[in-house]
2 protein chains.
Amino acid sequence: MRKGLSCPYGQNNLIYTLSSADRALIEPELKPVKLPKGMMLEEPGKPVDLVYFPKTGVGSTVAVARNDRRIEVGLFGCDGMSGTAIVMQSDHASNETFMQIAGDGFSIEPDTLRALLDQSPTLHRHLLRYVQAMMSQISQTALSNGHGKLEERLARWLLMCHDRIRNDEMSLTHEFISVMLGVRRAGVTVGTHMLEGKGLIRANRGQIVVLDRAGLENEAWKSYGAPEADHDRLIGYDQPD
Amino acid sequence: MRKGLSCPYGQNNLIYTLSSADRALIEPELKPVKLPKGMMLEEPGKPVDLVYFPKTGVGSTVAVARNDRRIEVGLFGCDGMSGTAIVMQSDHASNETFMQIAGDGFSIEPDTLRALLDQSPTLHRHLLRYVQAMMSQISQTALSNGHGKLEERLARWLLMCHDRIRNDEMSLTHEFISVMLGVRRAGVTVGTHMLEGKGLIRANRGQIVVLDRAGLENEAWKSYGAPEADHDRLIGYDQPD
DNA sequence: GCGCCTGGGTGCGGAACCGTACCGGAATTC
DNA sequence: GAATTCCGGTACGGTTCCGCACCCAGGCGC
């Protein structure tokens, strides 16, 4: 587990790190919600109809091209939120966001959130800083997609997932990972074998177990770390109050 | 020229599309400034020391990895600004931004801008929506880097540059383009030959001339367009007032 | 005029990854 | 327990792009 995500299990870190005043402001408006696997949180070009703050599970943000090519650009769990367009004073999402690993969390109406943002500059500031951290993550993804070898990108992706799950076991199929990374399914099979051969993970049938996190970080050192450090600086230890 | 960038030549579109009240607010604080080629506008991990609004020229935002791998993630000209971290209520940049093609524009002190953002929610909103458009552009870059062939990525990049120059001739070396795209210099040579062969551009010695813009767009259709449409929706025709 | 630097053209071997396809075992369904 | 679906292992030819290297031409300084 990364240090910046050390909020208690079953909390959303963005909410948890708010000042008590801001938390008191937003908490009454948050509705508990199940987030089943595959649930669509926002769709490109459409208005955001609910904003979600996961407590568990993992959400993926995917850029989609006209010709149906798609690739994951960002990923979040208890550290983040969907519907960032609202924070940006827009209303339409530009990417697709869905639940990649089931969980639960909170939802809030966009209009309500907008009102709260107007009411509390510190709340707005907090969420803006989160979006800034996401931009850093997306930038790193662009870099990694451009320069990284498959094995390195795979290691980075597994790490980012692992960061957001309080468990070394992850339910992930090669097929799914291949879509997220924008590579062949067979490529992922080969990549996981490489990582298995080095004793970093163990995989079988829709299950990947992280054995050596430090080793994975080493494998992905070119691509992993900078956005995570940004996040910790922007959110983790920067609690207003 | 794209429709969303149709502000008068020698204006910054972000400033130009402000409400008259907001423009009156910010204009006294803007200092005219030359933006020579290669000028560093912000550096990763360092505080933003000035925010720039170009009127002419092109700026590049580049993600840098620890091992010195780098790749351009975003690009802006008279349509944008540097120092978006300030708009996001942060102070440190996470990427490197520099002038790729010389120009001129305005600068403003971060503290001054911060004060203005607090003072005018509509100003803040306007700039936030610009950052949202940039996120869309970065996402598309990640997608393009992951899936796109060199020729297609090259076409997209030339289009994005062309959008921000009021001229079909662009001073660009293969070497420079190769760094921006994160590919070999020789690869760019081959790619430009392909585009030349199709009659879309003409290139010689540090000069690239766009001959057939529509053809270029066709060549890059998978990657070009969506972020530009987002930008136009968020900024171009959404003038408060 | 000469040398030098910059920018671009070209070639070659090899690595990485693609598209496609086939197969087998594991889980699920009825 | 038979059928079906899901998931992963494997193979093969082809393409794209890399790393490296060498050379040539234009432009500049001296």
Side-chain angles (χ1 to χ4, degrees), chain A residues 37-38 65 67-71 100-102 142-158 169-197 201-209 219-220 222-223, chain B residues 37-38 65 67-71 100-101 142-158 161 169-197 201-209 219-220 222-223:
Chain A
K37 180 176 170 179
N67 51 345
D68 245 16
R69 281 186 169 173
R70 53 182 57 219
I71 210 161
Q100 156 200 330
I101 294 179
L143 176 55
S144 183
N145 289 356
H147 277 297
K149 305 243 170 297
L150 203 160
E151 187 183 346
E152 174 189 333
R153 291 176 56 199
L154 179 58
R156 169 175 185 252
W157 193 84
L158 290 175
E169 294 181 29
M170 308 188 280
S171 288
L172 296 165
T173 67
H174 292 188
E175 165 70 20
F176 179 76
I177 299 175
S178 78
V179 174
M180 292 300 97
L181 295 181
V183 299
R184 279 181 321 152
R185 199 261 315 154
V188 174
T189 304
V190 174
T192 53
H193 286 173
M194 306 287 271
L195 297 178
E196 271 190 293
I201 62 171
R202 198 175 62 234
N204 55 41
R205 205 165 178 79
Q207 206 77 4
I208 293 187
V209 185
E219 203 63 38
K222 311 154 187 175
S223 341
Chain B
K37 179 176 172 181
N67 51 345
D68 247 16
R69 282 186 169 173
R70 55 181 55 220
I71 209 162
Q100 157 200 327
I101 293 178
L143 177 55
S144 183
N145 290 355
H147 277 297
K149 305 240 171 300
L150 202 159
E151 187 183 346
E152 173 189 332
R153 291 175 57 198
L154 179 59
R156 169 174 184 251
W157 193 85
L158 290 174
C161 256
E169 293 180 30
M170 309 188 278
S171 288
L172 296 165
T173 67
H174 293 187
E175 165 69 19
F176 178 77
I177 300 176
S178 78
V179 174
M180 292 297 99
L181 295 181
V183 298
R184 280 181 319 153
R185 197 263 313 155
V188 174
T189 304
V190 174
T192 53
H193 285 175
M194 307 287 272
L195 298 178
E196 270 190 294
I201 62 172
R202 198 175 61 234
N204 56 41
R205 207 167 177 75
Q207 206 76 7
I208 293 186
V209 186
E219 203 64 37
K222 311 155 186 176
S223 342

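Within every chain, numbering begins at 1; the chains are lettered A, B, ... in the order of the sequence lines, protein sequences first and strands thereafter.
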Integer-rounded Å distance: [N] [atom2] and [X] [atom1]:
X	N	atom1	atom2	answer
B/His147	C/dG19	NE2	C1'	14 Å
A/Ile201	D/dG8	CD1	P	11 Å
A/Asn145	C/dC17	CG	C1'	14 Å
B/Glu152	D/dT15	CD	C1'	15 Å
A/Ile177	D/dC7	CD1	P	12 Å
A/Met194	D/dG8	CE	C1'	17 Å
A/Ile208	D/dC7	CD1	C1'	12 Å

So A/Ile71 and A/Asn145, do their side chains get closer than 4.5 Å, heavy atoms only?
yes
For B/Glu152 and B/Ser144, test the side chains for any donor-to-acceptor distance below 3.5 angstrom and give the result as yes or no.
no
Considering every strand and a 4.0 Å limit on heavy-atom distances, what is the contact class for A/Val183: base, sugar-phosphate, or nothing?
sugar-phosphate
Name the nucleic acid region contacted by A/Gly182, choosing base, sugar-phosphate or nothing; use a 4.0 angstrom heavy-atom cut-off, strictly under.
sugar-phosphate
Taking distance alone, no hydrogens or angles, what donor-acceptor pairs closer than 3.5 Å link side-chain atoms of residues 178-190 of chain B to residues at least two apart or in another chain?
from, atom 1, to, atom 2, distance (Å)
B/Ser178, OG, B/Glu175, O, 2.7
B/Arg185, NH1, B/Thr189, OG1, 3.4
B/Thr189, OG1, B/His174, ND1, 3.1
B/Thr189, OG1, B/Arg185, O, 3.4

Letter per nucleotide, 5' to 3', of nucleotides 8-15 of chain C [B base touched, S only sugar-phosphate touched, - untouched; heavy atoms, 4.0 Å]
BBB-----
Closest non-hydrogen contact found for A/Ile208 with A/Leu158 is CD1-CD2, 4.2 Å
Judged by atom type as modelled, is there a donor-acceptor pair below 3.5 Å linking the side chain of A/Arg69 to the main-chain atoms of B/Leu143?
no
Taking A/Glu151 for its side chain and A/Met194 for its backbone only, find out whether a donor-acceptor pair lies under 3.5 Å.
no
